[in-house]
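All values reported here derive from a predicted model rather than from experimental measurement.
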Amino acid sequence: MKKLYVFVPVFLASLILITSLTPIVSASESISNKIFRLHIIANSNSEEDQALKLKVRDNVLEYSKELYKDCTNVSEALNVSKEKLNEIKSVAQKTIAFYGYEYDTRVYTAKEFFNTREYDTFTLPAGEYYCLKIVIGEGKGKNWWCVMFPSVCISGCADDLDDVLSEDERRLTEGKKYVVKFKAVEIYERLKVMGRK
């Protein structure tokens, strides 16, 4: 009988939690399927390698300003990136050489798990996002990432998200009231990814 007193409240609390998170999980997964990210990993955490990562970032963003302007969805952004991988790698390699380093780079597209990320005016939920990934040298340093499509990290304007997200999805990304729920979604998404491995 004692077990029943414990089981029923735990069961009901779990049911309420799952029920309240289901719409947020669904919206979060929808958002992650509409966003294309840039992910750059430095060779190491030395000051020099971290500074170099930012130089590579700056030049790749400058090069890619025009790449995604005609894209209307993440599939198109992904295809453009795949078509331009050699050029993007060339930009990264030239930047690295210009600053006197001989690191190789790996440049490719992938679908990766990203944690919840808070920006100044919006928050992106955790989930699996398509990305353009640039790994400098050994790739053992801190990373840097942003939203390439829509061009938030290029234009610096979060309003570009309005072009691809529904009103409900956009509302979900704004403000701080969903951050705790996004953390719960992050745990769910992480477990989902681990379950596939």
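V135 and W144 sit in two unconnected hydrophobic clusters of ILVMFWY residues. Membership requires side-chain heavy atoms under 4.5 Å apart, directly or through other members. By the criterion of side-chain heavy atoms lying less than 4.5 angstrom apart, applied directly or through intervening Ile, Leu, Val, Met, Phe, Trp or Tyr residues, L38 is not grouped with Y108; the two fall into different hydrophobic clusters.
Every residue was checked against the ring pair (Phe, Tyr, Trp, His ring centres under 6.0 Å) condition with F98, not counting sequence neighbours, and none meets it. With sequence neighbours left out, Y103 forms a ring pair (Phe, Tyr, Trp, His ring centres under 6.0 Å) with Y101. Remark: D58 engages no residue in a side chain to side chain donor-acceptor pair (under 3.5 Å) (not counting sequence neighbours). Shown here are the salt bridge (charged side-chain N to carboxylate O under 4.0 Å, His left out) partners of K142, two or more places apart in sequence or in another chain: there are none. Residues satisfying the side chain to side chain contact (heavy atoms under 4.5 Å, CB included) criterion with K94, sequence neighbours excluded, are S90.
Interatomic distance, OH of Y130 versus OG1 of T109, reported as 9.0 Å (0.5 Å rounding). Considering CG of N43 and OG1 of T105, their distance stands at 11.5 Å, rounded to 0.5 Å. The distance from the CD1 atom of I96 to the CD1 atom of I136 is 5.0 Å, given to the nearest 0.5 Å.
In this structure, E138 contributes its side chain and S44 its backbone to no donor-acceptor pair below 3.5 Å.
Here Y129 and H39 keep their ring centres 6.0 angstrom or further from each other.
Sorted by first and then second residue, the side chain to side chain donor-acceptor pair (under 3.5 Å) pairs involving residues 74-83 (not counting sequence neighbours) are Y68-S81, T72-E76. Among residue pairs with one or both ends in residues 103-112, those qualifying as salt bridge (Lys or Arg N to Asp or Glu O under 4.0 Å) are K89-D104, E112-K133; sequence neighbours excluded. Sequence neighbours left out, not one pair with a member in residues 36-55 passes salt bridge (Lys or Arg N to Asp or Glu O under 4.0 Å).
Looking at I88 and V60, their side chains come closer than 4.5 Å, going by heavy atoms from C-beta outward. Within the 4.5 Å cutoff, no side-chain heavy atoms of F149 are placed close to those of L78. Side-chain contact check for C131 versus F114: some heavy-atom pair is nearer than 4.5 Å. Counting heavy atoms from C-beta on, the side chains of M148 and L61 come closer than 4.5 Å. Counting heavy atoms from C-beta on, the side chains of I40 and L54 never come closer than 4.5 Å.
For the pair N115 and W145, the tightest heavy-atom approach, listed with the atom from each and the gap, is O-CH2, 4.0 Å.
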| field | side chain to side chain contact (heavy atoms under 4.5 Å, CB included) between K140 and I41, worked out | value | CA-CA 7 Å; K140 294 185 176 177; I41 303 176; over 6 Å; no
| field | Derivation and outcome, side chain to side chain contact (heavy atoms under 4.5 Å, CB included), residues L132 and F36 | value | CA-CA 8 Å; L132 171 65; F36 184 72; 3.9 Å; yes
| request: Could you please spell out the steps behind the side chain to side chain contact (heavy atoms under 4.5 Å, CB included) verdict for N45 and Q50? | output: CA-CA 6 Å; N45 285 328; Q50 288 298 310; 3.3 Å; yes
